[in-house]
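Below: the structure, in structure tokens.
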Amino acid sequence: MEKEVICLSCPNGCHITVQETSPGEFQFQGAKCERGEVYAYEEITDPKRVVTAVVQTDSEEMPYIPVKTDKPIPKRYINPLLVQLYKQKISLPAKCGQVIIQNYMETGVNVVITRTFPLDLGK
Amino acid sequence: MNSQIYDVAIIGAGCCGASIARKLSAYEISVVLLEKCVDVGFGVTKANSGIIHAGFHHPITSLKARLEIRGNLMFDQLHYELGFPFKRVGIIVVAFSVEEMKTIEHLYSQGVANGVPRMEICGRERILSLEPQLNSDVVGGLYAPTGGIIEPYRYVFALVESAQKNGVEVKTQFTVEQGIREKDYWIVKSKEGETIKARYVVNSAGLFADEVSKSFDAELFEIIPRKGEEFLLQRNAKGLPNHVIFPVPGAHTKGILVIPTVEGTLMVGPTAIETDDKYDVETTSQNLETVFMQATYMVPAISRREIITSFAGLRPTMKGNDFYIEPSKKQPHFIQVAGIQSPGLTASPAIGDYVKDILKQEGLQLIEKKDFDPFLPHPIKVRELSFEELEKVVEKDPKYGHIVCRCESVSEAEIVEAISKGHATLDGIKFYTRAGMGRCQGAFCTYKILKIISRETGMPVEKITKRGDNSWIISQRLQALADEKAER
Amino acid sequence: MQERNYDVLVIGAGAAGMAAALKVAEEGLKTAIVDREPFLGGILPQCIHNGFGVHLFKEELTGPEFAERFIQDVVKSDIDIYLNTTATSMAVHQPVKQVNLCSSEHGVFRINARAIVLAMGCRERNRGNLGIPGTRPAGIFTAGLAQRLINIDGYMPGKRVVIVGSGDIGLIMARRLTWTGAEVLAVVEILPYPSGITRNIVQCLNDFNIPLYLSHIITKIEGKERVEAVEITPLENGAPNYTKTFKVECDTLLFSVGLIPENELTQSAGIKINPETGGPLVDTRLMTSAEGVFACGNVLHVHDLVDWVSDEAQRCGKELINFLQGKTEKIEQGKVIAGANLKYVLPNRYRLGEKNRFSMRSLIVRDKATLVVRQGEKTIRQFTLRHVKPAEMFHVELKQEDLNDLVSNGELLPIEFSLS
């Protein structure tokens, strides 16, 4: 199996060719530095992404509030997580950093709110 | 079925239909105005260049020249009564050779014969002093100070509003499918399944006048669409002239014009290309080239980098190139108003009068209404107010203080007003208020307008359209997505 | 009419406006900030994706989180906040500047201020600006409008989408739309390379197998009522090759084709505009042609990273303070010329006695490039740069000592930047 990974460790953006020589054993080609191999290894074996989305609220003024995973989550969990987020409805007020899903599917990743609403302008 | 029998049904709410309706609204008769689009003025009129011609382009032997001259003279009064924007900025025809100056002389004498007042043949110096933006190679030209500019859709909105105020009924999304003569009236059926009855029918259906005529079993003729592409440039664009600039005309067209619009933007166009598709309003890159080549030849400072949008419209032309306005020879009480291409907009007020006279000759009894009110209240436009005036207006209605469209300075109150007058599509609101017509083309106000429409009409956002039919804006809400995902 | 007096009025409460307002308010200047929207933060609250703040906060934040760092400080400060409020016009060529404002909430009023910060941000180029042929159906959005509709209002703009332009907003929207159940069928880029950063190409397109067509343009939009299809044509030697045109059926078209500083208010006040940036001409103090009127952020020139916006705005705030305190009321400034391969250098003035920071954009794509600063034949300073491209702004600083010996007959000599 041969795969190409574009390294995101630095703006160089090396195109690294990864070959699985035997199960679990990989050969890397095209990385200008060691970080590239580390990056490509993870991208091949267990790619992760930060997920951002909006979640429905009970407020007409702010019908949706933005959320994110506080750490990158393995790619295979993204779709089920999105489905859960679309179904979820939260009550306002909401605070930036407030956890709405704790340790999603035992991944150690939490989903947190990224915007405070309503905001007390106090003036 | 509605059992009322109207005295007159007018098919098509473009500038002609609207003018006729408004004229007839001054008499003790019942009138219904039928329009197939979601709003009035959304057909041919919408893409009109907005020129009020002076009347020197056509010989007086033609009906269109006679109506053009009369129509031009009627605009000051209409503007005074209805308040739509209108400016007599004057028209300049420019000549770049001795040969072209001969045409200028011909246009001048034609204009004099037609009765166009205050025209002037200009030499190079005079024409450049009138219009310093012109290419300095100009040899001379014709100056007609009585030419002017309007916004065609706002003119139609005002005519229809005035007609409604005086009792005319308007039915939009009424696509006439068939007319059947019964006893002494017509039964008019729509594609949408509605039916009305009327003693007289006026066919001012623009591009579709031929099909309407056929569906009433009246005369067979053909409307040939002639496409015109226009390009709109931003406010204060380079090269913005003081007058409407015409080239020396060709055989069938008046050529590519440079137009200072009533709202301070600059428009160039239109092309003139015959097509066989009545829905073909595509713009093309070749025509952009052609238009700008010709426009910049006359006014070199014009820059295509300042384009904010482009559009195309279709002129409903007929063989012979004259207007076809007369009672049908095949069917009783059926008046044809067809082939109204340029200068149809200029002629339209006169067409209203002319058709009224035809109806009278055909036996319609016309008694003047005692309580006819020709005036419309002038709507408040925030962009036209001084800061002091704005203060007073906002005190009365805070919605005037909420600027929804920043590019054209349109307030929430103006949008609410447009919706209350029945213009509840994005295009309807755009044409009525100018919201979304400026440099950002709606990027900053579309979401606000969607919400205002929804709030004012109770319509869910998914049902709101750009201009009716299938022109939806929002496919669904995210909530619906959740339900969809949940079902899976 | 109601009049209110301030030392400083900041127009626009996005990243730039908030950072500038905080800076001047810290100094004890009586400050007001106005914005058209009902919330603080400008465009940031709709940018729910992460990637903000890496330079400024050394961590990856989402747009709303980045905004909130400033919002919380603004709320705690003495800054007066006017939301839902539009500046309609201003008179700025006088010591006390007058700005006319209107609002459904605060009514119509005037603010008098000793100094003004312009921080109105930018707008998106649209289909009309490109003159793309075809019909004009519903379903054509700028990427930012689509982002606003989805992320704030929860409205989906369509189901089958083609995106024009590979700028970062367009790429981010490709992922966003995919994650909300739409299908993104193509991203079409006129240039031979993507305009957005590599990370977004990988995570927003490649992750979802969304094809990116480089050196391609949209040559026709079809659809009478709603968008039905677009025609995509490759560019070969700079010209479209119509024999290779293909059609993609879709219901929605998103444009992510660049940003334009929003300067209509600026222009109507008679402030000079720099045609290269679309923003006001400013000197080393970030002061416009109207004395006491400053500009920062995207209204001045379009930035790629909000971190640089905040940075510039804080600098702008400092300059404003110095100006009001009379420290820089009169300073000598020399000309800066954008030479070979540079679109612009901002500011296009330098001054002596301190370090000078310049922002600029390249006209070329290079893995490695040399930036030379010269006075006449003499090289003042040379920089080696990596990964320069038009889509990424870069910054350099000239030290105080770099700029010695630039005076001739009591005048500062012009310096020129060039890239190779």
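Note on naming: letters A, B, ... go to the chains in the order of the sequence lines (proteins, then strands), and numbering restarts at 1 for each one.
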Any chance you could measure C/Tyr155, atom OH, to B/Ile464, atom CD1, to the nearest 0.5 Å? 7.5 Å
Do B/Gln286 and C/Pro133 have side chains that approach each other closer than 4.5 Å (heavy atoms only, starting at C-beta)? no
Residue part contacting chain B, namely of C/Leu101, when any heavy atom lies under 4.5 Å: backbone
Can you tell me which of B/Arg467, B/Glu306, B/Arg406, B/Glu395 forms the most heavy-atom pairs within a distance under 4.5 Å of chain C? B/Arg406
Side-chain heavy atoms of C/Glu225 within contact of B/Thr465, under 4.5 Å: no
Between B/Phe444, B/Phe387, B/Phe231, who has the most heavy-atom pairs with chain C when the cutoff is under 4.5 Å? B/Phe387
Give, for atom CZ of C/Arg136 and atom CG of B/Asp427, the distance between the pair rounded to the nearest 0.5 Å. 11.0 Å
Would you indicate whether B/Asp277, at its atom CG, is surrounded by more than 12 heavy atoms from other residues, nucleotides or ligands within a distance under 6.0 Å? yes
Do C/Gln2 and B/Glu391 touch side chain to side chain, with heavy atoms closer than 4.5 Å? no
What I'd like to find out is whether the side chain of B/Tyr279 reaches to under 4.5 Å of the side chain of C/Thr135, using heavy atoms alone. no
Winner by heavy-atom pair count (cut-off under 4.5 Å) against chain B, out of C/Arg123, C/Arg110, C/His106: C/Arg123
Between chain B and each of C/Ile260, C/Thr88, C/Leu145, count heavy-atom pairs under 4.5 Å; write down the option with the most. C/Leu145
Name the region of C/Leu265, side chain, backbone, both or neither, that has any atom closer than 4.5 Å to a heavy atom of chain B. neither
Just so I understand: if I count every heavy-atom pair under 4.5 Å between each of C/Glu222, C/Glu124, C/Arg36 and chain B, which residue has the most? C/Arg36
Given heavy-atom pairs under 4.5 angstrom as the criterion, report whether the side chain, backbone, both or neither of B/Ala413 touches chain C. neither
Any side-chain heavy atom of C/Cys102 sitting closer than 4.5 Å to one from B/Ile403? yes
Part of C/Phe109 within contact of chain B (heavy atom distance under 4.5 Å): backbone
Give a yes or no on whether the backbone of B/Asn470 and the side-chain of C/Arg226 come within a donor-acceptor separation of less than 3.5 Å. no
Taking atom CD as the centre, does C/Gln267 end up with more than 12 heavy-atom neighbours from other residues, nucleotides or ligands that are less than 6.0 angstrom away? yes
Option in B/Asp469, B/Asp397, B/Thr284, B/Thr309 with maximal non-hydrogen atom pairs under 4.5 Å from chain C: B/Asp469
Please name the pair of heavy atoms, one in C/Val108 and one in B/Val394, separated by the smallest distance, quoted to 0.1 Å. CG2-CG2, 3.6 Å
CA sep, side-chain torsions, deciding dist, call: B/Lys451, C/Asp153, salt bridge (charged side-chain N to carboxylate O under 4.0 Å, His left out): CA-CA 9 Å; B/Lys451 282 194 203 156; C/Asp153 305 309; 2.7 Å; yes
Quick one: pull up CD in B/Gln441 and CZ in C/Arg127 and give me the separation to the nearest 0.5 Å. 9.5 Å
Which pair of non-hydrogen atoms, one from B/Ile473 and one from C/Ala138, has the smallest distance, and what is that distance? CD1-CB, 4.3 Å
Less than 4.5 Å to any heavy atom of chain B: does that hold for the side chain of C/Glu262, its backbone, both, or neither? side chain
Cut-off 4.5 Å, heavy atoms of chain B, and the answer for C/Asn100 is both
Please answer whether the main-chain N or O of C/Met156 pairs with a side-chain N or O of B/Ser475 as donor and acceptor at a distance below 3.5 Å. yes
Just how far is it from atom CG of C/Leu149 to atom CD1 of B/Ile474, taken to the nearest 0.5 Å? 4.5 Å
Under 4.5 Å heavy-atom distance to chain C, tell me which part of B/Leu288 shows up: side chain, backbone, both or neither. side chain
Using modelled atom types and a 3.5 Å cut-off, is there a donor and acceptor pairing between side-chain atoms of B/Arg439 and backbone atoms of C/Arg125? no
Are more than 12 heavy atoms, taken from residues, nucleotides or ligands other than B/Arg455, located less than 6.0 Å from that residue's CZ atom? yes
Check each atom of B/Leu450 against the heavy atoms of chain C and say whether the ones under 4.5 Å are side chain, backbone, both or neither. side chain
Is C/Glu37 in contact with chain B via its backbone, its side chain, both, or neither, using a 4.5 Å heavy-atom distance? side chain
Rounded to the nearest 0.5 Å, what separation is found between the CD atom of C/Glu105 and the NE2 atom of B/His402? 10.5 Å
If one checks every heavy atom of B/Lys392 against chain C at 4.5 Å, the contacting part turns out to be neither
